[in-house]
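Below is one structure; the comments refer to it alone.
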Amino acid sequence: MASLAAAARKLDHYERRLHAEGFDRIAGVDEAGRGALAGPLVAAAVILPEGFGVEGLRDSKLLTPLQRDRWFDRIRATAVAYSVCRVFPRRIDARGLHVSNLALLRRALYALDVVPDFVLMDGFSLPGMRFPHLAMRKGDVVTASVAAASVIAKVTRDRIMDRYHRRFPEYGFDHNRGYGTDAHRAAIARCGPSPVHRMSFKGLKLYAQDFDTYAALYGEAIPAGETVAGITDDETRTSTGKGDGS
RNA sequence: CAGUUGUCGUUC
DNA sequence: GAACGACAACTG
């Protein structure tokens, strides 16, 4: 029990310290979906109430899907305020990931209907932010507010990807969440990109600019059970016109 | 559930 | 070199 209490104290260590210094609307912000080849970037900001029971709460990546759903409900039910914002692939392509990400985090903060008096951030700080803030390495592992935000962002994004899976079933979005697995890349080689793919990302850019090279690199990662009978490596290369390499 | 390894993406 | 975002496959 001592170790449990110690772990709990550690996760909201910053919140407690800040509260002792007089802050009582401490927001955590985090985003999900950064490295994905498809789907939106999702950011969430959360202000937890003082004394929010934090035992078992962790970075969304360290929770099982069931645990994430449970925390998602609990955070939404008890938060002083929370917000979720997203940026879609087309805009990421147009503005770049980093710029999109900064704007998104800022939007999530300003979308809070309770104005924070302090902001805890994951990794980097926001240029020109008007709130007092602290950016910390591995923020979602170390502080409750950021962990909570990471859960809201992650669960929201996963649900969006589930919806995209119904619309574009060929890519396995329900499984890979838009990330670049072998099967996902092979699906792109077979079917082409969907409207929710980030065309500015490596791989998709390659697909658009040089399909033959893309197919040679990723097209062979055919999912089990979908192997095209009789197509060997050589024939694939021939059919995609890649016979004339170095 | 607890870990480990691998792979990929973006940015600095 | 670092940070952030992930999935996949393996051990116990």
Side-chain angles (χ1 to χ4, degrees), chain A residues 3-4 7 28-44 55-71 84-106 108 120-127 133-143 146-147 149-162 164-165 171-189 193 196-208 214 217-224:
Chain A
S3 63
L4 240 178
V29 233
D30 193 27
E31 86 285 336
R34 211 171 172 163
L37 300 184
L41 192 58
V42 177
E55 269 150 54
L57 176 61
R58 300 197 292 168
D59 168 25
S60 63
K61 288 189 291 293
L62 302 178
L63 297 170
T64 65
L66 181 65
Q67 292 173 322
R68 275 201 299 265
D69 281 346
R70 219 169 49 213
W71 281 107
V84 192
C85 297
R86 42 185 155 163
V87 56
F88 291 98
R90 290 277 169 42
R91 186 171 287 272
I92 294 170
D93 289 336
R95 303 177 72 183
L97 182 71
H98 190 60
V99 171
S100 301
N101 192 190
L102 294 176
L104 183 68
L105 292 171
R106 183 168 339 205
L120 294 169
M121 326 211 26
D122 187 34
F124 52 88
S125 65
L126 235 35
H133 62 282
L134 178 64
M136 58 222 321
R137 189 172 112 279
K138 292 185 193 302
D140 48 2
V141 178
V142 167
T143 85
V146 182
S150 82
V151 168
I152 300 293
K154 169 75 172 160
V155 171
T156 301
R157 199 184 108 94
D158 282 355
R159 291 180 182 179
I160 291 168
M161 294 315 291
D162 284 343
Y164 284 151
H165 173 64
Y171 306 101
F173 288 154
D174 59 328
H175 193 246
N176 59 50
R177 259 68 230 229
Y179 283 84
T181 63
D182 287 347
H184 182 185
R185 290 177 197 281
I188 294 167
V196 297
H197 277 96
R198 302 177 183 174
M199 297 308 292
S200 60
F201 276 30
K202 187 181 173 183
L204 288 155
K205 204 189 295 175
L206 179 63
Y207 176 94
Y214 182 92
L217 280 174
Y218 304 123
E220 293 162 24
I222 296 169

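Just so we're clear, the structure is a prediction, and the values are computed from it rather than from any experiment. Reminder, nothing fancy here: chain letters follow the sequence lines and each chain counts from 1.
Following rounding to the nearest Å, A:Tyr218 (OH) and B:rU7 (P) show an atom-to-atom distance of 14 Å. Computed from coordinates, the A:Leu102 CG to B:rC12 C1' distance equals 11 Å when rounded to whole Å. Taking atom CG of A:Leu206 as the reference point, atom P of B:rU10 lies 11 Å away to the nearest angstrom. Spacing between atom CZ of A:Phe124 and atom C1' of B:rU10 amounts to 11 Å, rounded to whole angstrom units. Following rounding to the nearest Å, A:Leu37 (CG) and B:rU7 (P) show an atom-to-atom distance of 17 Å. Rounded to whole Å, the distance from NE2 on A:His98 to C1' on B:rU10 is 10 Å. Atoms CG (A:Leu104) and C1' (B:rU11) sit 15 Å apart, rounded to a whole Å. In this entry the distance linking CZ of A:Arg198 with P of B:rC8 reads 18 Å, nearest Å.
Between A:Gly96 and A:Arg58, the residue anchored closer to the 5' end of RNA chain B is A:Arg58, taking for each the nucleotide with the nearest heavy atom. In terms of position on RNA chain B, the residue among A:Leu62 and A:Gly35 whose nearest nucleotide sits closer to the 5' end is A:Leu62.
At distances below 3.5 Å, at least one donor-acceptor pair connects side-chain atoms of A:Arg68 with backbone N or O atoms of A:Ser60. Counting only distance, with no hydrogens or angles, the side chain of A:Asn101 and the backbone of A:Arg34 share no donor-acceptor pair below 3.5 Å. The backbone N or O of A:Asp30 lies less than 3.5 Å from no partner atom in the side chain of A:Asp122, so there is not a single donor-acceptor pair. For A:Asp93 (side chain) and A:Ser200 (main-chain N/O), a donor-acceptor pair under 3.5 Å exists by modelled atom type.
Heavy atoms of A:Asp59 sit nowhere under 4.0 angstrom from any nucleic acid atom. Nucleic acid contact class of A:Lys154 (heavy atoms, under 4.0 Å, all strands): sugar-phosphate only. Using a 4.0 Å heavy-atom cutoff across all strands shown, A:Asp158 reaches no nucleic acid atom at all. Here A:Ala32 lies in heavy-atom contact (under 4.0 Å) with sugar-phosphate atoms only. Within 4.0 Å (heavy atoms only), A:Arg137 reaches sugar-phosphate atoms of the nucleic acid but no base atom. Residue-level contact check: A:Asn101 touches neither bases nor backbone, having no heavy atom under 4.0 Å from any strand. Note on A:His184: nothing from the nucleic acid sits closer than 4.0 angstrom, heavy atoms only.
Under the 30°/60° scheme for interplanar angles, the aromatic rings of A:Tyr207 and A:Tyr214 are found to stand perpendicular.
Using a 4.0 Å cutoff to heavy atoms of chain A, the contacted part of DNA chain C runs 5' to 3' from C:dA3 to C:dA8.
The CZ atom of A:Arg157 sits 10.5 Å away from the CG atom of A:Asp162 when rounded to the nearest 0.5 Å.
Applying the side chain to side chain contact (heavy atoms under 4.5 Å, CB included) rule to A:Arg95 yields the partners A:Arg91, A:Val99, A:Ser100, A:Ala103; only residues at least two apart in sequence or on another chain are considered.
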